[in-house]
Number of protein chains: 2
Amino acid sequence: MANTAGYHVAVVGATGAVGQQMVQTLENRNFPIKKLTLLSSSRSAGKKMAFKGEEITVQEAVPESFEGVDIALFSAGGSVSKKFAPEAVKRGAIVIDNTSAFRMEKDVPLVVPEVNEEDIKKHNGIIANPNCSTIQMVVALEPIRKQFGLKRVIVSTYQAVSGSGAAAVRELNEQTKTLLEGGYYEPQVLPVKGDKKHFQIAFNAIPQIDVFTENGFTFEEMKMINETKKIMHMPELKVSATCVRIPVATGHSESVYFETEKEGVTVKHIQEVLEPAPGVVLEDKPEEQIYPMAINAVGKYDTFVGRIRKDPDESNGFHMWVVSDNLLKGAAWNSVQIAESLIKLGLI
Amino acid sequence: MANTAGYHVAVVGATGAVGQQMVQTLENRNFPIKKLTLLSSSRSAGKKMAFKGEEITVQEAVPESFEGVDIALFSAGGSVSKKFAPEAVKRGAIVIDNTSAFRMEKDVPLVVPEVNEEDIKKHNGIIANPNCSTIQMVVALEPIRKQFGLKRVIVSTYQAVSGSGAAAVRELNEQTKTLLEGGYYEPQVLPVKGDKKHFQIAFNAIPQIDVFTENGFTFEEMKMINETKKIMHMPELKVSATCVRIPVATGHSESVYFETEKEGVTVKHIQEVLEPAPGVVLEDKPEEQIYPMAINAVGKYDTFVGRIRKDPDESNGFHMWVVSDNLLKGAAWNSVQIAESLIKLGLI
């Protein structure tokens, strides 16, 4: 039922790179909030964060934190979600979870509102927010699929370090500065905080995001593969991915190859379908050097698409360049957008 | 005929990013030289460069500079090659040209010694050195083609700015420094010095290398497509490319998807073929986080290959990650290597 006075919203992991953007996005969108609870680990508890001109003190998350909460946005790592999301649901909250903890579970909808908003209706308390690199790709692919069908996707990513958290951004900046001054900065965070080895990200490209799985793909790559199929309701879609970290703070870029089902599709057809598509901004005028770039996507909710061109050999094959703010559409904004969809669909 | 006293070698564009590496590589390889002539535009003439402990004064290139020269290594831009390469050939020199001026001409061999060394025999005075991003890819693909055949290649590149010259490296460093200090640095060089607009490369990814052609691909992408077919003698090979500049000084990385002709090929088969392949170093132990990276390739002659894995859907499809020093194997070393092949094949 709609609550005219607004909702009690909790943000779990409020002090993290994505959590901060969630709070900011709730404010920017003027989301109907009657109470905002900011939660974190004990380490960050006590910090104060601004929301609509007020200061809110961050509290340590405990099961009781979720009493009376209507919507809980989680972005504090998979283990935190696994521990506290069921506690929140038990107390009547709807959880929108930005971690990979529940994404592939059968009864958990995995939602990008521009693609599969209706899936939210099937939720059982938890709605999962997909991986950042997946979201922007499916936003760009869905209008194409709808009109022309989709057979195959091959993506290579150029991912920003903020996807790995605020500590990774600090490492990029400090390391870059130190190297330019002729010093040495020991890598401690990237590519994966919990993995055995760490490598320099400044002036480098690291072909590892998340840990490796047995088939040689990383978990990040498998997320892109599996989540794309689930979100687009296409278990038969051929998808493969190579995920690479580059020295960019925020803004993921993706080189996407795709094949349509339909024959005879032209670049102009693809552009015409993407131009009015929800959440998409077409930036595709190579003759004027207009194409998407990470630095231009920062702070924006949209997914930017350009460099659309026909494969020289494959009659149904196309290439495009897809860019978005990984902290916003890739995480915070998509989560808040799911919350807005809950209201719009009368589910809360 | 072999000249035991060595050859008179000229380097045109000696003061540029690649030219400097050519001089250094000639020294490192102990190339049999009786005289080294360093040539440049009038702007850089008069500079002194070190070679084997001696100082050589750079001279302005004029047609007469090539009198008595046996081998002329060109890397001063296409227009300089077009002007002076015929003058050098007229005077009896063999030109090894690192620009795109003659690469696609029918009677000019386009050579990567590990792939098509024998093509050198057909030269008519000029031998072309391929584009940097093409060279490392074909070094990795050729052993695979030989053993299993090759049907298709889709590549997305992560290219270093030194491919765009020394001024681009300065721009990357100065711009990065200024941005980290909170300042503003007007882009003046990248993505393409001669194009209308310039964009920030620091903490960004620019999906443009060289200018655009009418089909929406850039010249860099078309070079990869056309040169790969020519070098590998496979006009029918399906190749497409997306070329992207990232904030790395030196070392190109490439995400390469390929399909073999032969059925039933495994990752292990590919590794076994690449392990002993000339010019290739296999770095492929994901369980130990061993994979190629740009920072590790700098200063080395080899092409590093890793992250080899089977496509989840396409039975003959594979992915790999290919990294090399774009100034060495991508330019200077490949050129010197061609000169060494000339001697080895008794062509000079």
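Every chain is numbered from 1 and lettered A, B, ... according to where its sequence line falls, protein lines coming before strand lines. Worth knowing before you read on, the calculation uses all heavy atoms, side chains too, and leaves out hydrogens, waters and symmetry mates.
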Colleague: Hey, which of B/M293, B/K238, B/Q289 has the most heavy atom pairs under 4.5 Å with chain A?
Modeller: B/Q289
Colleague: Give me the contact list for residues 221-230 of chain A versus chain B, heavy atoms only, anything under 4.5 Å, ordered by residue number.
Modeller: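 Hits under 4.5 Å: A/E221, A/I225, A/K229.
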Colleague: Tell me, side chain or backbone of B/L180 under 4.5 Å from chain A's heavy atoms, or both, or neither?
Modeller: side chain
Colleague: Verify the distance criterion only: is there a donor paired with an acceptor across the side chains of B/T157 and B/H252 at less than 3.5 Å?
Modeller: no
Colleague: Considering only heavy atoms from C-beta outward, does the side chain of A/Y257 approach that of A/E314 to under 4.5 Å?
Modeller: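 The answer is yes, as the side chains (C-beta and beyond) meet within the 4.5 Å cut-off.
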Colleague: Within the structure provided, determine whether B/L328 and B/D302 are in side-chain contact (heavy-atom separation under 4.5 Å).
Modeller: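 They are not in side-chain contact.
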Colleague: Is there a donor-acceptor contact under 3.5 Å linking the side chains of B/E261 and B/N316?
Modeller: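 Short answer, no.
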Colleague: Is B/T218 close to chain A through its backbone or its side chain, or both, or neither, when contacts mean heavy atoms under 4.5 Å?
Modeller: both
Colleague: Out of B/A205, B/A160, B/P207, which one racks up the most heavy-atom pairs below 4.5 Å with chain A?
Modeller: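 Sorted descending by pairs with chain A, the first entry is B/P207.
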Colleague: With only heavy atoms counted, which part of B/T213 is less than 4.5 Å from chain A, the side chain, the backbone, both or neither?
Modeller: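 When you check distances to chain A, no heavy atom of B/T213 falls under 4.5 Å.
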Colleague: Could you tell me whether A/D311 and B/R152 make a salt bridge, using a distance below 4.0 angstrom between a side-chain N and a carboxylate O?
Modeller: yes
Colleague: Is it the backbone or the side chain of B/F217 that comes under 4.5 Å from a heavy atom of chain A, or both, or neither?
Modeller: both
Colleague: If we count only N and O atoms by modelled type, under 3.5 Å, do the side chains of B/N131 and B/S100 hold a donor and an acceptor together?
Modeller: no
Colleague: Contact part of B/N215 toward chain A, heavy-atom cut-off under 4.5 Å: side chain, backbone, both or neither?
Modeller: backbone
Colleague: Hey, does the side chain of B/R170 reach the backbone of B/A168 with a donor-acceptor pair shorter than 3.5 angstrom?
Modeller: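 No; zero donor-acceptor contacts below 3.5 Å.
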Colleague: Heavy-atom distances under 4.5 Å only: say whether A/I154 touches chain B with side chain, backbone, both or neither.
Modeller: side chain
Colleague: What part of B/V239 gets closer than 4.5 Å to chain A, counting heavy atoms only: side chain, backbone, both or neither?
Modeller: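 Contact with chain A involves the backbone of B/V239 alone.
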Colleague: With a 4.5 Å limit on heavy-atom distance, are the side chains of B/V244 and A/Y158 in contact?
Modeller: yes
Colleague: Find out whether B/H319 and A/S240 are in side-chain contact, i.e. whether some heavy atom of one side chain is under 4.5 Å from a heavy atom of the other.
Modeller: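 Counting from C-beta outward, B/H319 and A/S240 do come under 4.5 Å.
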Colleague: Just by distance, no angles: are the side chains of A/S255 and A/S156 close enough, under 3.5 Å, to form a donor-acceptor pair?
Modeller: no
Colleague: Counting only heavy atoms closer than 4.5 Å, note whether B/D195 contacts chain A via side chain, backbone, both or neither.
Modeller: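 For B/D195, heavy atoms of backbone and side chain both lie under 4.5 Å from chain A.
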Colleague: Given a strict heavy-atom distance threshold of 4.5 Å, which part of B/P191 is in contact with chain A: side chain, backbone, both, or neither?
Modeller: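 The answer is the side chain of B/P191.
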Colleague: For the interface with chain A, which of B/P286, B/A202, B/A294, B/G216 has the highest count of heavy-atom pairs at distances below 4.5 Å?
Modeller: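 That would be B/P286.
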Colleague: Can you tell me which of B/P292, B/G306, B/P312 forms the most heavy-atom pairs within a distance under 4.5 Å of chain A?
Modeller: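 The option with the most such pairs is B/P312.
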Colleague: For the interface with chain A, which of B/V248, B/V192, B/V267, B/L179 has the highest count of heavy-atom pairs at distances below 4.5 Å?
Modeller: B/V248
Colleague: Which answer fits B/A297, side chain, backbone, both or neither, if we ask what part of it has an atom under 4.5 Å from a heavy atom of chain A?
Modeller: neither
Colleague: Do B/D284 and B/Q271 have side-chain N/O donor and acceptor atoms under 3.5 Å apart?
Modeller: yes
Colleague: Would B/F148 and B/F258 count as a ring pair (Phe, Tyr, Trp, His ring centres under 6.0 Å) here? Give the steps.
Modeller: CA-CA 11 Å; B/F148 308 116; B/F258 62 91; 9.2 Å; no
Colleague: Which atoms of B/E287 come close to chain A, meaning under 4.5 Å heavy atom to heavy atom: side chain ones, backbone ones, both, or neither?
Modeller: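 Backbone of B/E287 only, per the 4.5 Å heavy-atom cut-off to chain A.
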Colleague: Measure distances from B/S253 to the heavy atoms of chain A and classify the residue's part below 4.5 Å as side chain, backbone, both or neither.
Modeller: side chain
Colleague: Between A/S162 and A/G165, is there a donor-acceptor pair closer than 3.5 Å when you use the side chain of the first and the backbone of the second?
Modeller: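 Pair absent, no side-chain N/O of A/S162 close to backbone of A/G165.
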Colleague: Are side-chain N/O atoms of A/E220 and A/S133 paired as donor and acceptor at under 3.5 Å?
Modeller: yes
Colleague: With a 4.5 angstrom heavy-atom cut-off, is it the side chain or the backbone of B/L172 that approaches chain A, or both, or neither?
Modeller: side chain
Colleague: Please report the interatomic distance OG1(B/T242) to CD(B/Q208), rounded to the nearest 0.5 Å.
Modeller: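 The OG1 atom of B/T242 sits 13.5 Å away from the CD atom of B/Q208.
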Colleague: When heavy-atom pairs shorter than 4.5 Å are enumerated against chain B, which of A/L237, A/N173, A/N204, A/T176 gives the highest number?
Modeller: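 Most heavy-atom pairs under 4.5 Å with chain B: A/N204.
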